[in-house]
There are 2 protein chains.
Amino acid sequence: MTTMKEIAEKTGVSVSTVSLVLNKRDAGRVKPDIARRVRQTATDLGYKPNPLARSLRTSKTRILGFISEEVATTPYAGGIILGAQDAASTYGYMLITVSTDGRASEESEIAALKRYGVDGFFYSKMSNRIATVPKSLSDYPVVLVDATDANNALPSVEPDEFRIAFDATSRLIEAGCERIAYIGCSENMIAQDGRLAGYRAALEGTDQGFDESLVCNVLNNGPALRAVNALFDTRNPDGFFCFNDARAWYVYECAARRGLTVGRDISVVGVDNHRVFAETLEPQLTTVELPHYEMGYWAACKLISMIEDKPVDTAKWPRTTSPMPPLDAPIPAKIHCALIEKGSVAR
Amino acid sequence: MTTMKEIAEKTGVSVSTVSLVLNKRDAGRVKPDIARRVRQTATDLGYKPNPLARSLRTSKTRILGFISEEVATTPYAGGIILGAQDAASTYGYMLITVSTDGRASEESEIAALKRYGVDGFFYSKMSNRIATVPKSLSDYPVVLVDATDANNALPSVEPDEFRIAFDATSRLIEAGCERIAYIGCSENMIAQDGRLAGYRAALEGTDQGFDESLVCNVLNNGPALRAVNALFDTRNPDGFFCFNDARAWYVYECAARRGLTVGRDISVVGVDNHRVFAETLEPQLTTVELPHYEMGYWAACKLISMIEDKPVDTAKWPRTTSPMPPLDAPIPAKIHCALIEKGSVAR
DNA sequence: GTGAAAGCGCTAACAA
DNA sequence: TTGTTAGCGCTTTCAC
């Protein structure tokens, strides 16, 4: 591992000159010729700065702490983390992820992260919830991911729940469905509210309009399956917007028992896409994929821009199907990732 | 953030004495009384060592690098990482995870990790594959997780594939099933080989014996579903061992179309448990859960023991249902995690 | 037994 | 325009 000292000796200048040049602070301070020679030997020797030593001086580590619940239990976390990682690595940062699943250790994890000198934090709940960020984070830059700050004081990156359901429902309408059901979640969550509103808005613009009796909010397992079954009996829907994979499965199960084929007899649009569904239900199922990767990527960009206190170049951000949101919005800012659509049309 | 200097001043000793005491190198070098006072003020001030400064001297960072594919696409990764994190945090380490999904960036990620001074690496493929560890890792401690070293030179932690299928099949036999099918994977992988062997061994100990025509290896989507459907037609199995969730779903779909109910008309044991299945199929489905958490935990213990060059205390490891494997085995060592069983009996 | 001092690799005042 | 110098917090040798 080559050091600045070696470069300095080899070039015949002092370490500080090398430092200036290599940190791009040489404008008008170091002779262009010397600067060039320094840069040359640096690349010759394959110089890479030692982040630890740098951190010791600057107390900036270029390490980001990612705090989340449920990393272990959802397949989504990975996408978010991957996106955050990509963005981080683009800007020369690394991620340390800790998850607090089922443990009361959040505070000690945060303390550990602080000791390692992270420059800022992601605070993530998987699947858009209201979150209360621990006070121990209050003197650090923080961005919420797939979550909304209870105090509405911190920037967050979230999916555009309304649009997810609005677009998906519109798609079913265009496909000619006449009795479009909403299979949702009876738990109280942001996603449920936003999506139900989007579904409703899409239908209210049409002849069929919004019909409460086509809304079926369920939890899980047997009771959920029975509720969907009852909906089939009473309203015989020909189109389904499903809150998530599990809800889509109830529809599939009921359809199979009735000899109905998805994509022919009924149309189903589901949100998200567990791997298992990609292997089984596709391509009959139309899926609306949440842009987890983009959420992570955007959040990292936002966090880094806060840390470095300069606007980031939004042109480099990966795009979803939606227009780019305003980026340098003041804090608190909610940045809505829009949806990604995948799969064939329902019918 | 209190420093050693502050402790030294407050106690009226020098920094070096503080260092000696706090690093437990004071035996016979520092007066017990002084040592006690140092320790006292340290706790009074809530002293936590600055890992960065320490690293600069020792070139040990107590950071572990976790390299994996597919973090984004499987829900399993989370469990492994969580386990590794827990173990790491128990021993005062942190994890930096990088994933190399669909990117040619592996080498640059490794280089970045090295620059951050990681003490060792996890190299993980999700779902037990033969892996070739990059040569750039060869001068570091490395442990493979859910993967087998192609050169058989590195320690690895893997599930006990044979036992997974042996136990699951035995369970179906005990439940009285007489035509037990194996719904497997037609891709060539360690897990497939091991599990098929386990299934076969369990059946060969019984009257029904092993019957090739009950083995159905499939890939995905329509073709897979049709193959399972054909198996239903030709052999009418009453018990199923399913390689994974997707395979279990094919069985469910076929059963639903025939009006059969799982847990009553047929018995199904599936490996793994995506969250979506826990919400839908349980408790009818018997699941054999791979011990991802334990794999991560054990791997971290192994890696740390290599780094610190001392045996770890295996008594603290989380247990699965299997007996503890020999731990201080010389390298190369394969440490087999056994399975965890969950869910109700099939019938 | 204890402390002074050097130095890990780098940055940033300040001098020259 | 460049170099000297003084640390960042910690470990470690070597005098005392």
Side-chain angles (χ1 to χ4, degrees), chain A residues 1-39 41-42 45-63 92 111-112 114-119 307-308, chain B residues 1-39 41-42 45-63 92 112 114-119 308:
Chain A
M1 194 137 259
T2 53
T3 70
M4 282 195 175
K5 195 175 171 191
E6 291 170 27
I7 298 177
E9 282 166 358
K10 192 126 187 265
T11 324
V13 294
S14 78
V15 210
S16 27
T17 307
V18 176
S19 175
L20 282 179
V21 173
L22 264 26
N23 287 309
K24 302 195 176 77
R25 313 182 149 285
D26 59 323
R29 331 238 276 104
V30 178
K31 266 203 207 105
D33 185 52
I34 300 230
R36 209 186 31 69
R37 279 174 47 218
V38 168
R39 265 186 276 272
T41 43
L45 267 44
Y47 171 79
K48 296 285 176 190
N50 180 331
L52 272 62
R54 169 181 292 172
S55 305
L56 198 55
R57 281 297 311 183
T58 60
S59 57
K60 293 273 172 231
T61 53
R62 301 186 87 82
I63 295 179
K114 284 186 176 178
R115 243 175 294 128
Y116 276 89
V118 297
D119 295 340
I307 291 168
E308 301 185 347
Chain B
M1 193 135 262
T2 53
T3 69
M4 282 195 175
K5 196 177 172 190
E6 289 168 28
I7 297 177
E9 282 166 0
K10 191 124 188 271
T11 324
V13 294
S14 77
V15 208
S16 23
T17 306
V18 175
S19 175
L20 282 179
V21 172
L22 263 27
N23 287 307
K24 303 195 175 77
R25 312 182 149 286
D26 59 322
R29 330 235 278 105
V30 177
K31 266 204 207 104
D33 185 52
I34 300 228
R36 209 184 33 69
R37 280 174 48 218
V38 168
R39 264 185 278 270
T41 43
L45 268 45
Y47 171 78
K48 296 285 177 191
N50 179 331
L52 273 64
R54 170 181 291 172
S55 303
L56 198 55
R57 283 295 311 185
T58 60
S59 58
K60 292 277 172 223
T61 54
R62 301 186 86 83
I63 296 178
K114 283 186 176 178
R115 243 175 295 126
Y116 275 88
V118 297
D119 295 340
E308 301 187 346

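Reminder, nothing fancy here: chain letters follow the sequence lines and each chain counts from 1. In this text the structure is predicted, and so the values were computed from the model without any measurement.
Between A:L22 and A:I7, some side-chain heavy-atom pair lies under the 4.5 Å cut-off. For the pair A:E308/A:R62, a side-chain contact is recorded, criterion being any heavy-atom separation below 4.5 Å from C-beta on. Residues A:K10 and A:T2 have side chains not in contact (no heavy-atom distance under 4.5 Å, counting atoms from C-beta outward).
Atom CE in B:M4 sits 9.0 Å away from atom CG in B:L20 (nearest 0.5 Å). One finds the CZ atom of A:R29 at 9.5 Å from the OG1 atom of A:T17 (value rounded to the nearest 0.5 Å).
Remark: the B:R57 side chain and the D:dG9 base include no donor-acceptor N/O pair separated by less than 3.5 Å.
Judged as a side chain to side chain contact (heavy atoms under 4.5 Å, CB included), and not counting sequence neighbours, the contacts of A:T3 are A:K5, A:E6.
Across residues 24-31 of chain A, A:G28, A:R29, A:V30, A:K31 each have a non-hydrogen atom less than 4.0 Å from an atom of DNA chain D (numbered order). Near DNA chain D, defined here as any heavy-atom distance below 4.0 Å, the residues from residues 3-20 of chain B are B:T3, B:M4, B:S16, B:S19, listed numerically.
If you take NZ of A:K60 and C1' of C:dG9, they are 20 Å apart, rounded to a whole angstrom. Atom CG in B:L45 sits roughly 15 Å away from atom C1' in D:dG9 (whole-Å rounding). Here the P atom of nucleotide C:dT2 and the CD1 atom of B:I34 are 4 Å apart, to the nearest Å. For the pair B:R54 CZ and C:dG9 P, the interatomic distance rounds to 18 Å; values are reported in whole Å. Across the protein-nucleic acid pair, B:L22 atom CG and D:dC10 atom C1' stand 11 Å apart, rounded to whole Å. One atom, CG of B:L56, and another, P of C:dC8, lie 9 Å apart when rounded to the nearest Å.
Under 4.0 angstrom from either OP1 or OP2 of D:dT11 there lies at least one side-chain N or O belonging to B:N23. For the pair B:Y47 and D:dG9, the criterion of a side-chain N or O lying under 4.0 Å from OP1 or OP2 is not met.
When A:S59, A:P49, A:S19 are each tested for a side-chain contact (heavy atoms from CB on, under 4.5 Å) with A:R54, only one passes: A:P49.
Looking at heavy-atom distances under 4.0 Å, B:L52 makes no contact with the nucleic acid at all.
In this structure a side-chain-to-backbone donor-acceptor pair under 3.5 Å is missing from B:T41 to B:T11.
Closest heavy-atom contact between A:Y116 and B:P51: CE2-CB, 4.1 Å.
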